[in-house]
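Worksheet: one structure, shown below.
Residues: numbered from 1 along the sequence shown. Please read all numbers here as calculations on a predicted model, not as lab measurements.
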Amino acid sequence: MSFRVHRVYDRDVEGYRVLVDRLWPRGLTKEEANLDEWLKDVAPSTELRRWYGHEASRFDEFAHRYRAELEESPAAEAVAHLLELSSRKPV
């Protein structure tokens with residue numbers, strides 16, 4: 001299993017490129033992004049993201065709630081898909 005994290009704006013990144021975000025990145029066309037897949041369901045829910053608001057004091061609770069979301073459908077299926085992909089190639 002091999003995952004590497006990059007910004008979607010990074011160019012010339014090798015491996016299978018998967019965007020894990022609910023929102024499409026501003027100022028970027030789908031062609032420019034050069035993605036293989038967009039898995040919105042692995043990203044935190046809109047409600048959780050809004051609640052968190054990037055407040056550092058809420059991070060531990062955010063992480064706990066996010067892990068719980070990843071165990072529920074449809075996120076669990078998307079995570080399983082990512083794990084299956086990573087068993088065959090770098091993601």
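- Connection of Val91 to Val8 is not established within any shared hydrophobic cluster, with ILVMFWY side chains joined at heavy-atom distances below 4.5 Å, either directly or through further cluster members.
- Here the closest non-hydrogen pair linking Pro44 and Arg22 is O-NE, 3.1 Å.
- Side-chain N or O atoms of Glu71 include none that pairs as donor or acceptor with a backbone N or O of Ala68 at under 3.5 Å.
- When the shell of 6.0 Å around CD of Glu14 is examined, it contains 12 or fewer heavy atoms from other residues, nucleotides or ligands.
- In this structure Glu61 satisfies the salt bridge (Lys or Arg N to Asp or Glu O under 4.0 Å) test together with Arg65, sequence neighbours excluded.
- Looking at heavy atoms from C-beta onward, Pro90 lies in side-chain contact with Arg4 at the 4.5 angstrom threshold.
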Would you sort out whether Glu77 and Asp41 count as a side chain to side chain contact (heavy atoms under 4.5 Å, CB included), showing the intermediate values? CA-CA 9 Å; Glu77 289 81 8; Asp41 291 331; over 6 Å; no
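- Placement of Tyr66 and Leu19 in two distinct hydrophobic clusters is found when ILVMFWY residues are connected by side-chain heavy-atom separations under 4.5 Å, directly or transitively.
- By the rule that hydrophobic residues join a cluster once side-chain heavy atoms approach within less than 4.5 Å of another member, Trp38 and Leu83 end up as members of separate clusters.
- We find the CG-OG distance between Leu85 and Ser2 to be 12.0 Å, quoted to the nearest 0.5 Å.
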Step by step, work out the salt bridge (Lys or Arg N to Asp or Glu O under 4.0 Å) result for Glu84 and Arg88. CA-CA 7 Å; Glu84 193 274 325; Arg88 294 184 281 137; 2.8 Å; yes
Checking Leu23 against Arg49 for the side chain to side chain contact (heavy atoms under 4.5 Å, CB included) test, could you report, in this order, the C-alpha distance in whole Å, the side-chain angles of both residues, the deciding distance, and whether it holds? CA-CA 11 Å; Leu23 306 172; Arg49 186 175 45 80; 4.0 Å; yes
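- Closest approach of Ala43 and Val20 over heavy atoms only: N-CG1, 3.7 Å.
- Considering CG of Asp12 and CG of Asn34, their distance stands at 9.0 Å, rounded to 0.5 Å.
- Side-chain N/O atoms of Glu37 and Tyr16 include a donor and acceptor closer than 3.5 Å.
- The cationic atom of Lys30 (NZ for Lys, CZ for Arg) lies less than 6.0 Å from the six-membered ring centre of Trp24 and within 45° of the ring axis.
- Follow the hydrophobic side-chain contacts under 4.5 Å out from Val13 and you never reach Leu35; the two are in separate clusters.
- Two rings, from Tyr52 and His54, have their centers less than 6.0 Å apart.
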From CA spacing to verdict: side chain to side chain contact (heavy atoms under 4.5 Å, CB included), Arg17, His6: CA-CA 9 Å; Arg17 291 177 51 106; His6 297 276; 5.6 Å; no
Criterion side chain to side chain contact (heavy atoms under 4.5 Å, CB included) on Leu82 and Leu39, from CA distance to verdict: CA-CA 9 Å; Leu82 274 177; Leu39 291 178; 3.6 Å; yes
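- When all heavy atoms are compared, the tightest approach of Ser45 to Glu69 is OG-OE2, 2.6 Å.
- Within 6.0 Å of the OH atom in Tyr9, the count of heavy atoms belonging to other residues, nucleotides or ligands exceeds 12.
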